[in-house]
**Q** 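First, the structure itself, so that you have it in front of you.
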Amino acid sequence: MALSATFITPSPSSSNLYTKFRKPFLSHSVYLLKPFKIRASTTLDYSNVSSSDKSSPLKTSNWQWKFKDNLINIYYEEHVKESSEPSQNILMMPTISDVSTVEEWRLVAEDIAQRSGSVNYRTTIVDWPGLGYSDRPKIDYNADVLEKFLVDFINSPNGPVKQPDNDLVIIGGGHAASIVVRAAKKGLVKPKAIAAVAPTWSGPLPIVFGRDSSMETRYGLLRGTLKAPAVGWMVYNMLVSNENAIQSQYKSHVYANPDNVTPAIVESRYALTKRQGARYLPAAFLTGLLDPVTSREEFLQLFADLEGKIPVFVVSTKGSPKRSKAEMEALNGAKGVCKFVEVPGALFPQEEYPALVAEELYQFLQQYFSPVA
């Protein structure tokens with residue numbers, strides 16, 4: 001999310017946390033000197049691009065993920081065209097943000113599933129634990145936890161996408177793309193191909209302020225405050241869970257075109273912030289605990305290690321915030337990236353311009369997976 005706030009960190013002799021909130025800035029910057037000003041970035045945007053009149057049959061369900069002592073209900077949905085022919089499975093992972101949801105991929109999933117061609121595509125979209133319509137337990141979220149979820153969801157014998165030889169294409173946005181690539185690098189998942197849409201690797205605060213010990217202390221303070229029983233909800237409501245903040249961030253950097261941000265989008269995302277446990281994972285995302293790597297060098301190495309093993313397609317955007325765009329552009333021509341394109345949009349092109357993103361993804365799928373005549 002993108003909202004400006006000032007946190008004044010307490011002295012060692014004081015246990016009080018003072019907060020001062022301002023109207024959100026319309027830029028991707030964050031300011032943090034002595035006062036702790038934050039501007040949470042990377043949220044969702046929605047699409048206003050039309051999709052086909054014929055929707056693919058939609059199946060919604062829940063899958064139960066066991067993590068330590070928790071049984072967590074995971075929401076997912078499937079889009080598939082009715083056909084007697086076997087289908088190629090595609091898994092779509094939503095961009096990780098404070099209002100992440102399967103909805104960001106829905107029009108793209110419908111579009112690809114309805115295409116007529118030599119291959120039938122079955123698309124599955126799943127909400128991360130702690131986000132969207134999945135359960136949001138109070139656990140210590142970090143990149144390793146989300147990676148474990150991804151691996152378990154794909155490899156579980158009773159999972160929704162389980163198939164022989166991991167014959168699966170995985171598409172992810174933002175941090176989700178980087179977590180998928182990291183899991184593939186480790187050999188924990190073995191997809192047939194990966195598409196990284198507007199990939200990112202650094203949370204809103206670390207990408208601006210870095211990770212020295214002083215900043216890590218402040219991040220920990222903010223994280224603890226957001227997770228606290230009473231004050232946590234108060235701070236979360238001012239920072240994240242209010243319609244003005246959501247609308248401002250969508251218009252400033254989540255969408256490339258502010259006119260594409262509709263009241264319905266804002267209302268939908270606002271409703272997600274009111275779900276039980278909504279603040280726990282965003283507290284980790286904002287402060288960098290969900291970052292799969294800690295530097296551009298590590299980011300590029302993730303992709304390089306897949307060279308010659310798994311085709312990786314990168315979709316960058318023309319209107320991303322400056323810092324995020326620099327990381328995407330670093331992948332242009334990078335080792336391990338077999339194809340790189342740029343489309344209109346900002347941090348959520350799949351939602352703002354779903355028809356364009358679906359077309360690019362479909363062309364990639366056709367190029368690599370259509371039967372040779």
**Q** Measure the spacing between CD of Glu78 and CD1 of Ile90 and express it to the nearest 0.5 Å.
**A** 12.5 Å

**Q** If every non-hydrogen atom of Ala184 is compared with every non-hydrogen atom of Ile310, which pair is closest and at what distance?
**A** CB-CD1, 4.0 Å

**Q** Any side-chain donor-acceptor pair under 3.5 Å between Glu77 and Thr124?
**A** no

**Q** Checking the side chain of Gln247 only, and the main-chain atoms of Glu243 only, is there a donor and an acceptor separated by less than 3.5 Å?
**A** no

**Q** Given the rule that I, L, V, M, F, W and Y join up when any side-chain heavy atoms are under 4.5 Å apart, are Leu289 and Met215 in one cluster?
**A** no

**Q** To the nearest 0.5 angstrom, please state how far the CD1 atom of Ile194 sits from the CZ atom of Phe313.
**A** 13.5 Å

**Q** Locate the shortest heavy-atom distance separating Asn89 from Val161; write the atom from each residue and the value.
**A** ND2-O, 3.9 Å

**Q** Does some side-chain heavy atom of Pro199 sit less than 4.5 Å from a side-chain heavy atom of Phe299?
**A** yes

**Q** Are Glu327 and Arg296 close enough for a salt bridge, meaning some N to O gap below 4.0 Å?
**A** yes

**Q** Check Thr273 against Trp233 and note the closest heavy-atom contact, atom names and distance.
**A** O-CZ3, 4.1 Å

**Q** Which atoms form the tightest heavy-atom contact between Val235 and Thr225, and what is the distance?
**A** CG2-CG2, 3.9 Å

**Q** Which atom names give the shortest non-hydrogen contact between Asn260 and Ile265, and what distance separates them?
**A** O-CD1, 3.4 Å

**Q** Has the side chain of Arg136 got a donor or acceptor atom that lies under 3.5 Å from a matching backbone atom of Gly132?
**A** yes

**Q** Is it true that Asp167 and Lys190 have a side-chain N and a carboxylate O under 4.0 angstrom from each other?
**A** no

**Q** Hydrogens and angles aside, do Glu359 and Gln363 bring a side-chain donor and acceptor to less than 3.5 Å of each other?
**A** yes

**Q** Are any non-hydrogen side-chain atoms of Tyr219 and Pro206 less than 4.5 angstrom apart?
**A** yes

**Q** Apply side chain to side chain contact (heavy atoms under 4.5 Å, CB included) to Thr262 and Val266, showing your working.
**A** CA-CA 7 Å; Thr262 67; Val266 175; over 6 Å; no

**Q** Check the pair Tyr75 / Val126 against side chain to side chain contact (heavy atoms under 4.5 Å, CB included), numbers first and verdict last.
**A** CA-CA 6 Å; Tyr75 175 84; Val126 59; over 6 Å; no

**Q** Other residues, nucleotides and ligands only: do more than 12 of their heavy atoms fall within 6.0 Å of CG on Asp140?
**A** no

**Q** Between Asn70 and Ile72, is there a donor-acceptor pair closer than 3.5 Å when you use the side chain of the first and the backbone of the second?
**A** no

**Q** List the steps, then state whether ring-ring contact (aromatic ring centres under 6.0 Å, His included) holds for His175 with Phe285.
**A** CA-CA 10 Å; His175 271 45; Phe285 168 69; 5.5 Å; yes

**Q** Can a cation-pi geometry be assigned to Arg115 and Tyr362, taking NZ or CZ under 6.0 Å from the six-membered ring centre and within 45° of the ring axis?
**A** yes

**Q** Calculate, to the nearest 0.5 Å, the distance between atoms CG and OH belonging to Asn257 and Tyr250 respectively.
**A** 15.0 Å

**Q** Less than 4.5 Å apart, any side-chain heavy atom of Leu146 and any of Leu281?
**A** yes

**Q** So Glu110 and Arg106, salt bridge (Lys or Arg N to Asp or Glu O under 4.0 Å) or not? Walk me through it.
**A** CA-CA 6 Å; Glu110 289 177 355; Arg106 189 171 289 155; 5.6 Å; no

**Q** Is the side chain of Asp291 donor-acceptor paired with the backbone N or O of Val293 at a distance under 3.5 Å, no angle test?
**A** no

**Q** Just jot down the side chain to side chain contact (heavy atoms under 4.5 Å, CB included) partners of Lys309, sequence neighbours excluded, or say none.
**A** none

**Q** Is it the case that Ser214 and Thr217 place a side-chain donor and acceptor less than 3.5 Å from each other?
**A** no

**Q** Within the structure provided, determine whether Gln88 and Lys192 are in side-chain contact (heavy-atom separation under 4.5 Å).
**A** yes

**Q** Establish, from distance only, whether the side-chain atoms of Lys335 and Gln301 form a donor-acceptor pair under 3.5 Å.
**A** no

**Q** What I'd like to find out is whether the side chain of Thr101 reaches to under 4.5 Å of the side chain of Pro94, using heavy atoms alone.
**A** no

**Q** Any chance the side chains of Glu216 and Thr287 put a donor and an acceptor closer than 3.5 Å?
**A** no

**Q** I'd like to know if Arg269 pairs up with Glu103 as an ion pair, taking the criterion as any Lys NZ or Arg NE/NH1/NH2 lying under 4.0 Å from an Asp or Glu carboxylate oxygen.
**A** yes

**Q** Is there side-chain contact between Lys318 and Val343, with heavy atoms separated by less than 4.5 Å?
**A** no

**Q** Using a 3.5 Å distance criterion without hydrogens, assess whether the side chain of Ser316 forms a donor-acceptor pair with backbone atoms of Met328.
**A** no

**Q** Got Gln350 and Val315 here, is their nearest side-chain heavy-atom distance under 4.5 Å?
**A** no

**Q** Roughly how far, to the nearest 0.5 Å, is the NZ atom of Lys148 from the CG atom of Asp144?
**A** 11.0 Å

**Q** Between Phe153 and Trp63 (judged by ring centroids, cut-off 6.0 Å), do the two rings come close enough to count as a pair?
**A** yes

**Q** Between atom CE of Met234 and atom CG of Leu226, what is the distance when rounded to the nearest 0.5 Å?
**A** 10.0 Å

**Q** For the residue pair Tyr368 and Phe364, does the interplanar ring angle fall in the parallel (under 30°), tilted (30 to 60°) or perpendicular (over 60°) class?
**A** tilted

**Q** Taking atom types as modelled and ignoring hydrogens, do the side chains of Ser241 and Lys274 form a donor-acceptor contact shorter than 3.5 angstrom?
**A** yes

**Q** Does the Ser134 side chain pair with the main chain of Ile74, one donor and one acceptor, at a distance under 3.5 Å?
**A** no

**Q** Please check if the side chain of Trp201 supplies one atom and the backbone of Pro292 the other of a donor-acceptor pair under 3.5 Å.
**A** no

**Q** Any donor-acceptor pair under 3.5 Å linking the side chain of Asp111 with the backbone of Leu107?
**A** no

**Q** Given the rule that I, L, V, M, F, W and Y join up when any side-chain heavy atoms are under 4.5 Å apart, are Leu188 and Val145 in one cluster?
**A** yes

**Q** Using side chain to side chain contact (heavy atoms under 4.5 Å, CB included), reason through Lys59 and Tyr76 one step at a time and then give a plain yes or no.
**A** CA-CA 8 Å; Lys59 170 190 172 184; Tyr76 70 93; 4.2 Å; yes

**Q** Got a donor-acceptor contact below 3.5 angstrom from the Trp105 side chain to the Met93 backbone?
**A** yes

**Q** With heavy-atom distances below 4.5 Å as the criterion, would you say the side chains of Ile246 and Asn242 are in contact?
**A** no

**Q** Minimum heavy-atom separation for Val337 to Phe303, with atom names?
**A** CG2-CD2, 4.0 Å

**Q** Could you walk me through whether Ser320 and Thr317 pass the side-chain hydrogen bond (donor to acceptor under 3.5 Å, both in side chains) check?
**A** CA-CA 6 Å; Ser320 286; Thr317 57; 2.3 Å; yes

**Q** Given Val169 and Leu91, is the side chain to side chain contact (heavy atoms under 4.5 Å, CB included) satisfied, shown in steps?
**A** CA-CA 6 Å; Val169 175; Leu91 175 63; over 6 Å; no

**Q** Please report the C-alpha distance between Glu342 and Lys325 in whole Å, then the side-chain angles of each, then the deciding distance to 0.1 Å, and finally whether the salt bridge (Lys or Arg N to Asp or Glu O under 4.0 Å) criterion is met.
**A** CA-CA 11 Å; Glu342 187 177 74; Lys325 186 173 178 62; 2.8 Å; yes

**Q** Using a cut-off of 6.0 Å, state whether more than 12 heavy atoms not belonging to Asp69 lie near its atom CG.
**A** no

**Q** To the nearest 0.5 Å, how far apart are OG in Ser97 and CG in Leu272?
**A** 9.0 Å

**Q** Please answer whether the main-chain N or O of Phe67 pairs with a side-chain N or O of Asp152 as donor and acceptor at a distance below 3.5 Å.
**A** no

